[in-house]
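One-based numbering, in listed order, for ligands and for the atoms of each. The analysis underlying the following values was restricted to heavy atoms, covering all of them including side chains, and did not include hydrogens, waters or symmetry mates.
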Amino acid sequence: MRHSHLSHLECSVTGTTYDADVVQGLSVAGAPLLARYDLDTVRAELPRDAIAGRPASMWRYHELLPVRDPAHVTTLGEGWTPVLPLPAHGAAMGVPNLLVKDEGALPTGSFKARGAAVGVSRARELGVAGFAMPTNGNAGAAWAMYAARAGLPSLIGMPVGAPEICRRECVAAGAELVLVDGLIQHAGALVKDAVTRRPGWQEVSTLKEPYRLEGKKTMGYELVEQLGWRVPDVILYPAGGGVGLIGIHKAIREMQELGWIGPDLPRMVAVQSTGCAPVVDAVERGLDAVVPVEDSDTVAFGINVPAPLGDRLMLRAIRETEGTAVAVTDEDIVAEVKAVGAAEGVFMCPEGAACLVAARRLRASGWLSETDEVLVLNTGTGLTYPDAVPYSVPTVATLDRGGRIA
Ligand SMILES: *Cc1c(COP(=O)(O)O)cnc(C)c1O
């Protein structure tokens, strides 16, 4: 059996077919391209249960990933993150069947590692000479590290407001780091310009190349396999560019076509910050595309994406699954980081905590019921966001006779 059953790429708007074995960007319609596989062959040759004995890595689904030759797989040991129950926290919010898929333990500290692992591996296979990308932080850190792993150079453009720690990760990875006095779209313009002057380089900003999505799709395969080949009732996802949400939805559709799971779909919820909520706005107004947000701002920097290129795909996934979209405040997010840390010992990133705030809200409104099994994606480690946990403690303390701080 072949390592990958990738067959072609397809325009997400027109359905036009593109060659998958040359470097591709957007379709001529300016839309993201989706990777398609020969699912009939996979269905015939790969029984679902054959996966069980494979290594605990996202590459266990390699037939459904785009890398044709295993020699090109660029790995830092990513994937197969735990699905943890949050019984105490869930019960307190009236959602006793609350689960988190904790992506905080991935290399580079966020689920961007999944996209970077597949994107870099496939680009290397197709002979790309270097990578350039704009980023709010986590994606740049991940691509810089995976590029280094592949022995390829990278140029990372970051707004000056992006977290210091992500800059340092890029420097540690030997990337060329450029800070832009503006927002991610300004970093994007600079990167685009650079790529036109560097032969063989690829622009790898969100959904402008087709394979990052394939990496993030593995979250969907994993969570379904980890639940015993079934979907939860609801999935809450912190949506920025939306790659994870689109990817999980794509994975579920593929597994259905493969006959690996039944027809049930989880209701998919996009969670955003009130400081940047173009998807929530589009869902509420019944639009097919977002209206770009101006002057966006949120502590959850991974979801500060004012004009996502994957808006139509996100909105389609939300509607098709009878999901919804919720915006939550930074204040509530910060409080939730502490609340879930103290209740369950999981140090979530603000993006992940935003999903818990949304779960509370949806439970209060009755959209979630007490019997729903609700899975939240914690997309990164809280360690990357030290400023999201304000504290004040005495510097020098003594204990009184009763063991209390005096
Ligand atoms: C990038 C990022 C997101 C949003 O991911 P998209 O695929 O762009 O929607 C959420 N959380 C964290 C921690 C991120 O780094």
Side-chain angles (χ1 to χ4, degrees), residues 32 81 100-116 118-119 133-145 156 158-159 162-163 165-166 169-170 184-185 188 204-209 211-220 235-251 268-273 275-280 290 296 298-311 313-315 317-318 325 328 333 337 346-358 376-385 388:
T81 54
V100 60
K101 185 161 174 64
D102 189 7
E103 298 279 287
L106 287 168
T108 74
S110 83
F111 78 145
K112 294 294 194 300
R114 293 181 187 268
V118 173
M133 75 169 350
T135 177
N136 280 330
N138 283 332
W143 281 76
M145 286 292 182
I156 310 293
M158 245 187 239
I165 185 70
C166 299
E169 281 181 275
C170 292
I184 185 153
Q185 57 269 35
V204 292
S205 54
T206 306
L207 291 169
K208 283 204 179 160
E209 62 74 49
Y211 300 119
R212 185 205 287 214
L213 175 62
E214 296 305 291
K216 287 198 175 176
K217 164 182 99 171
T218 58
M219 283 189 293
I235 294 176
L236 291 111
Y237 174 81
V243 190
L245 185 126
I246 299 163
I248 292 171
H249 180 250
K250 184 174 189 282
M268 301 203 61
V269 182
V271 179
Q272 302 202 294
S273 159
C276 184
V279 176
V280 178
V290 305
S296 62
T298 169
V299 59
F301 62 80
I303 53 174
N304 190 347
V305 183
L309 187 59
D311 56 347
L313 289 167
M314 260 194 278
L315 292 164
I318 293 166
V328 301
I333 291 174
V337 169
V346 181
F347 188 11
M348 287 199 183
C349 61
E351 294 82 349
C355 294
L356 294 176
V357 179
V376 163
L377 269 310
N378 180 44
T379 42
T381 171
L383 293 172
T384 309
Y385 307 70

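- Selection from Ala354, Pro308, Gly302 by nearest heavy atom to atom 4 (C) of ligand 1 gives Gly302.
- The backbone N or O of Arg212 sits less than 3.5 Å from a side-chain atom of Glu209, completing a donor-acceptor pair.
- Side-chain N or O atoms of Asn138 include none that pairs as donor or acceptor with a backbone N or O of Cys166 at under 3.5 Å.
- Closest heavy-atom approach to atom 14 (C) of ligand 1 among the candidates Lys112, Gln272, Glu351, Arg114: Lys112.
- The closest donor-acceptor contact from the side chain of Tyr237 to the backbone of Val376 lies at 3.5 Å or more, if one exists at all.
- For ligand 1 and Gly241, the ligand atoms under 4.0 Å from any heavy atom of the residue are 6 (P), 8 (O), 9 (O).
- Taking only nitrogen or oxygen atoms, main chain and side chain alike, Phe111 does not reach within less than 3.5 Å of ligand 1.
- Glu351 places no side-chain N or O within 3.5 Å of a backbone atom of Thr379 that could act as its donor or acceptor partner.
- An N or O contact shorter than 3.5 Å links Val243 to ligand 1 by distance.
- Each of the atoms 6 (P), 7 (O), 8 (O), 9 (O) of ligand 1 lies under 4.0 Å from some heavy atom of Gly242.
- The closest approach between a heavy atom of Pro238 and any atom of ligand 1 is below 4.0 Å.
- Looking at Ser110 next to ligand 1, no N or O pair under 3.5 Å apart turns up.
- By the salt bridge (Lys or Arg N to Asp or Glu O under 4.0 Å) test, Glu103 pairs with Arg114, sequence neighbours left out.
- Contact detail for Gly241 and Thr206: the closest heavy-atom pair is CA-CG2, 4.2 Å.
- Judged by distance alone, with hydrogens and angles left aside, the side-chain atoms of Asn136 form a donor-acceptor pair with the main-chain N or O of Asn304 at under 3.5 Å.
- Of the polar atoms of Gly380, none of the N or O atoms is found under 3.5 Å from an N or O of ligand 1, judged by distance alone.
- Distances between N or O atoms of Tyr237 and those of ligand 1 include at least one value under 3.5 Å.
- Using modelled atom types, one side-chain atom of Lys101 and one backbone atom of Thr81 make a donor-acceptor pair closer than 3.5 Å.
- Close contacts between ligand 1 and Asn138 involve ligand atoms 13 (C), 14 (C), 15 (O) [criterion: under 4.0 Å to a heavy atom].
- Panel note: side chain Gln272, backbone Val279; a donor-acceptor pair is recorded below 3.5 Å.
- Note: an N/O pair closer than 3.5 Å links Lys216 and ligand 1 by distance alone.
- Here the side chain of Asp311 pairs a donor or acceptor atom with the backbone of Val290 at under 3.5 angstrom.
- The atoms of ligand 1 that sit less than 4.0 Å from any heavy atom of Gly244 are 7 (O).
- Polar contact with ligand 1: present for Thr379 (N/O pair, distance under 3.5 Å).
- The contact set between ligand 1 and Tyr385, taken as ligand atoms under 4.0 Å from a residue heavy atom, comprises 13 (C).
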